[in-house]
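Accompanying notes for the structure given below.
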Amino acid sequence: MSGVRSVGVVGLGYIGLPTSVVFADHGVDIIGIDVNPATVDSINRGEPHIVEPQLDVLLRKVVESGKLRATLTAEAADAFIIAVPTPFRDNHEPDLAYIEAAVKSIAPVLAKGNLIVLESTAPVGATDRLSEWLASSRPDLTFPHQAGELSDIRVAHCPERVLPGQILRELVENDRIIGGLTPKCGQAASDLYRVFVRGNVKLTDARTAEMAKLTENAFRDVNIAFANELSVICDRLGINVWELIGLANLHPRVNILNPGPGVGGHCIAVDPWFIVAADRENSRLIQAARAVNDGKPHFVVDQVRQAAAKFDQPRIACLGLAYKANVDDLRESPAVDIVHMLAEQKIGTLLVVEPHVDTLPKALTAQGLTLSDYAQAVDSADIVLLLVDHALFLAGGRDALNGKIVINTRGVL
Ligand code: SAJ
């Protein structure tokens, strides 16, 4: 049983907000902390600032019941969860600035007996660093890297593993890995997550937990790279890659993933670099996968250029900007990169469709692009470039595309 009655969650984004809502729904008092005033206001109105199935219903419920409220500054609590982004710098080295800022924001309100859990994906060693940062801000308290099991404060890493689009279900059902800086730190975090996790909770040390999370996303990146590499080879050979993969996957020990326009999102396109940064010499396969997946948008642009060359003034409907189906998240999205490159290279008139957003990213508006309506864009296009397999596009059916050149990066329709 967890003695934790209140949790401060730092970072109310794609992970922090759903985690807060689920804890609150299980009776824990949640103080959500975010640096963005608009995010804080919207959450306090019971309105999520991100799109995720069921999140709006549950958020409204826990805000109305008073179990969750958001603030700009940290307040005292029994435990803190840090769920801020960990981007990389231009040289692909991990950037821990958000974690450091989050740590410094909670340091003044820490009290003896608190548990701090890092949920953000982080390079190996980050949880130790977090403990050191806390210690330098609060010399009056002891931390596990100094005092081991006798420390005043417990520190653990519990990497998030949920799939956008299925976050609320996966939060509860998925197994969790918890790496404590000491066994008691791990146990305290395990007791906390057991409040709502119905999957297994596996205890290990913090460094193994950090590496496990990076490994999961690097595994997926490498496997998607295999599918993307096959798609390029099949294009050269005149073979339908989706038929090929369907056939190969009939083998009981073969399970090839789907090729696409590239790999996006804030996780799979980012996390493998944290392994590379830790050991560049021995991470050749992981680096090759990154190169293959990052190269795929250029291949798609070449396909569009070739198709466009058949028209005097081609009109190209670009369907979808999100990094994957049925989400509103445009971060690291290959679809955005592809549209950007097409505009930069002045390939045709672009009709950009993304039903999940109201405004285009700045990089695209700066190129004079605007959002188009799905039906109008498809109707008036010579070339239809399907970048994201959103349900809306699939519902449109194949008939609407008759007589048009279709470049189908997702293999659906
Ligand atoms: N993609 C393909 N082909 C596929 C599968 C995915 O091209 O067969 C592309 C998607 O279109 C997208 C990218 O890969 O651009 C990533 O999508 P995803 O659905 O594989 O994963 P994410 O980024 O939404 O979430 C991943 C998940 N990690 C794993 O499945 C190992 C999730 O469980 C993690 O919690 C999340 O990263 C994270 O936050 O780290």
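Ligands are counted one by one from 1 in listed order, and the atoms in each one are counted from 1 as well.
- With no hydrogens or angles considered, no side-chain donor-acceptor pair links Gln306 and Asp302 at under 3.5 Å.
- For the 3.5 Å distance criterion, the side chains of Thr19 and Glu160 fail to qualify, holding no donor opposite an acceptor.
- For atom 15 (O) of ligand 1, the nearest protein heavy atom (residue, atom name, distance) is Tyr323 O, 2.8 Å.
- The two residues Ser20 and Leu68 come nearest to each other via the heavy atoms CB-CD1, 3.6 Å.
- Ranking protein heavy atoms by distance to atom 9 (C) of ligand 1, first place goes to Ile224 CD1, 4.0 Å.
- Of the listed options Glu170, Lys296, Arg161, Lys213, Lys213 places a heavy atom closest to atom 40 (O) of ligand 1.
- Taking all heavy atoms of Leu163, Ile15, Ile256, Ile167 into account, the minimum distance to atom 27 (C) of ligand 1 is reached by Leu163.
- For atom 19 (O) of ligand 1, the nearest non-hydrogen atom of the protein is Lys324 NZ, 3.0 Å.
- In summary, the side chains of Gln287 and Arg284 do not present any donor paired with an acceptor at a separation below 3.5 Å, with no hydrogens or angles considered.
- Looking at Arg207 and Asp205, no side-chain N of the basic residue comes within less than 4.0 Å of a carboxylate O on the acidic one, giving no salt bridge.
- Ligand 1 places these atoms under 4.0 Å from at least one heavy atom of Val162: 32 (C), 33 (O), 34 (C), 35 (O), 36 (C).
- Between Lys67 and Asp29 there is a salt bridge, since a side-chain N of the basic residue sits under 4.0 Å from a carboxylate O of the acidic one.
- Counting the atoms of ligand 1 from 1 in the order shown, those under 4.0 Å from a heavy atom of Ile268 are 16 (C), 20 (O), 21 (O), 23 (O), 26 (C).
- Listed by atom number, the atoms of ligand 1 under 4.0 Å from Glu216 heavy atoms are 31 (C).
- Proximity of His266 to ligand 1, defined as any heavy-atom pair under 4.0 Å, is not found for any part of the residue.
- Annotation: atom 39 (O) of ligand 1 to nearest protein heavy atom, Glu160 OE2, 2.4 Å.
- Annotation: Gly264 places an N or O atom under 3.5 Å from an N or O atom of ligand 1; distance criterion only.
- Counted by atom type alone, His390 and Glu354 present one or more donor-acceptor pairs between their side chains at under 3.5 Å.
- Note on ligand 1: Arg410 sits in its first shell, one or more heavy atoms being nearer than 4.0 Å.
- Side-chain contact, Ser231 with Lys296: a donor N or O sits under 3.5 Å from an acceptor N or O.
- At least one side-chain heavy atom of Val263 sits less than 4.5 Å from a side-chain heavy atom of Asp221.
- Residues Arg315 and Ser380 have side chains that bring a donor and an acceptor to within less than 3.5 angstrom of each other.
- Between Asp25 and Lys61 there is a salt bridge, since a side-chain N of the basic residue sits under 4.0 Å from a carboxylate O of the acidic one.
- From the protein, the heavy atom lying nearest to atom 28 (N) of ligand 1 is Asn217 OD1, 2.8 Å.
- Put simply, part of Cys267 is less than 4.0 Å from ligand 1, judged by heavy atoms.
- The protein heavy-atom contact nearest to atom 5 (C) of ligand 1 is Arg220 NH2, 3.4 Å.
- Numbered from 1 in the order shown, with element, the atoms of ligand 1 that lie under 4.0 Å from a heavy atom of Pro164 read 24 (O), 25 (O).
- Using a non-hydrogen distance threshold of 4.0 Å, Glu332 does not register as a contact of ligand 1.
- The protein heavy atom nearest to atom 8 (O) of ligand 1 is Asn258 N, 2.9 Å.
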